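For clarity, every value in this text was computed on a predicted model and none was experimentally measured.
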Amino acid sequence: MILTQTTRRGFLAAGTAFVATGLSGLRVPARAAGLAPTASMRGGANNYRPGAPIVPRIGGGGFWMSGTVRRAGDGAPLEGQRIQIWAHTTEGHERDPHSHGATLTDADGIFRLEMPQIVPAFGQAHGHLAYDGGAFETVFLRPVMARSSDTSLSADFILQPV
């Protein structure tokens with residue numbers, strides 16, 4: 001059994017090292033270096049329609065789908081990236097062409113698209129989102145809503161260049 005003796009000199013050296021590195025690190029904003037790409041979710045590609053049009057809104061609206069798109073590794077926001085959105089809603093099934101639409105991210109990598117209220121399909125209220133722009137690996141997401149009465153759903157993408 002090895003016993004380590006704590007001396008005053010050792011204690012002061014450890015404390016000084018913590019103050020020199022630990023406290024200065026608290027003032028530096030978090031960095032996204034090494035940010036891993038988002039993996040596609042099981043069921044995310046169900047009823048996907050390649051080339052769904054970019055639209056200002058899907059149907060009559062009332063529900064908001066939103067999120068962010070960033071680059072894997074450094075976490076930089078990605079502007080102008082195409083995100084397709086579809087769901088089973090009060091106005092149609094997720095397989096219906098009029099239940100699909102796409103939007104583009106802004107300068108901060110944020111997207112937002114209004115659509116009809118999502119309703120449960122197969123027992124769960126959920127949306128479908130896809131990055132399918134071509135410059136990065138395609139990713140399909142299928143986030144589930146906490147409550148079917150929620151009026152918004154958010155999903156974030158971390159994309160890996162092709």
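- In terms of heavy-atom proximity, A155 sits nearest to P143 at CB-CG, 4.2 Å.
- The salt bridge (Lys or Arg N to Asp or Glu O under 4.0 Å) check on D150 picks up R147, with sequence neighbours excluded.
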Practice item. Run the numbers on F111 and L113 for side chain to side chain contact (heavy atoms under 4.5 Å, CB included), then give the verdict. Key: CA-CA 7 Å; F111 66 89; L113 187 64; 5.9 Å; no
Exercise for review: Just do the side chain to side chain contact (heavy atoms under 4.5 Å, CB included) check on L153 and W64 with the steps written out, would you?
Suggested key: CA-CA 6 Å; L153 185 57; W64 287 95; over 6 Å; no
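- Of all heavy-atom pairs spanning G92 and S99, the tightest one is C-OG, 3.6 Å.
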Review point. Between I58 and W86, does a side chain to side chain contact (heavy atoms under 4.5 Å, CB included) hold up when you go through it step by step?
Key: CA-CA 9 Å; I58 299 172; W86 68 100; over 6 Å; no
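- Evaluation of the side chain to side chain donor-acceptor pair (under 3.5 Å) rule for Q124 yields R142 as partners, not counting sequence neighbours.
- Distance check: L104 CG to Q81 CD gives 8.5 Å after rounding to the nearest 0.5 Å.
- Using modelled atom types, one side-chain atom of D74 and one backbone atom of A76 make a donor-acceptor pair closer than 3.5 Å.
- Cluster annotation: M145 is connected to L141 through the hydrophobic network of ILVMFWY side chains, with a link wherever side-chain heavy atoms come within less than 4.5 Å.
- With hydrogens and angles ignored, the 3.5 Å screen pairs a side-chain donor or acceptor of Q117 with a backbone N or O of S148.
- Here I85 contributes atom CD1 and M65 contributes atom CE; the two are 5.5 Å apart, rounded to the nearest 0.5 Å.
- Between the side chain of E91 and the backbone N or O of T89 there is no donor-acceptor pair closer than 3.5 Å.
- Screening residues 34-50 for side-chain hydrogen bond (donor to acceptor under 3.5 Å, both in side chains), with sequence neighbours left out, gives N47-E94, Y48-D132.
- A heavy-atom distance below 4.5 Å is found between the side chains of F157 and L129.
- Looking at residues two or more places apart in sequence or on another chain, you find no side chain to side chain donor-acceptor pair (under 3.5 Å) involving S66.
- There is no path of hydrophobic side-chain contacts, each under 4.5 Å, that joins V69 to F140.
- The side-chain hydrogen bond (donor to acceptor under 3.5 Å, both in side chains) pairs that include a residue from residues 100-112 are Q84-H100, where partners are two or more places apart or lie in different chains.
- Taking all atoms of both residues into account, the shortest heavy-atom contact from P53 to R82 is N-NH2, 4.2 Å.
- Listed here is the closest heavy atom pair of G59 and P116: CA-CG, 4.2 Å.
- In this view, H93 and H88 satisfy the side chain to side chain donor-acceptor pair (under 3.5 Å) rule, not counting sequence neighbours.
- Taking each heavy atom of G109 and P77 in turn, the nearest pair found is N-CB, 3.8 Å.
- Atom OG1 of residue T151 and atom CD1 of residue I118 lie 10.5 Å apart, to the nearest 0.5 angstrom.
- Note that CD1 of I158 is 4.5 Å distant from CG of L35, once rounded to the nearest 0.5 Å.
- Residues M41 and Y131 are members of one and the same hydrophobic cluster, defined by side-chain heavy-atom contacts under 4.5 angstrom among Ile, Leu, Val, Met, Phe, Trp and Tyr.
- G67 and S154 make their closest contact through CA-OG, 3.9 Å (heavy atoms, listed as atom of the first residue, atom of the second, distance).
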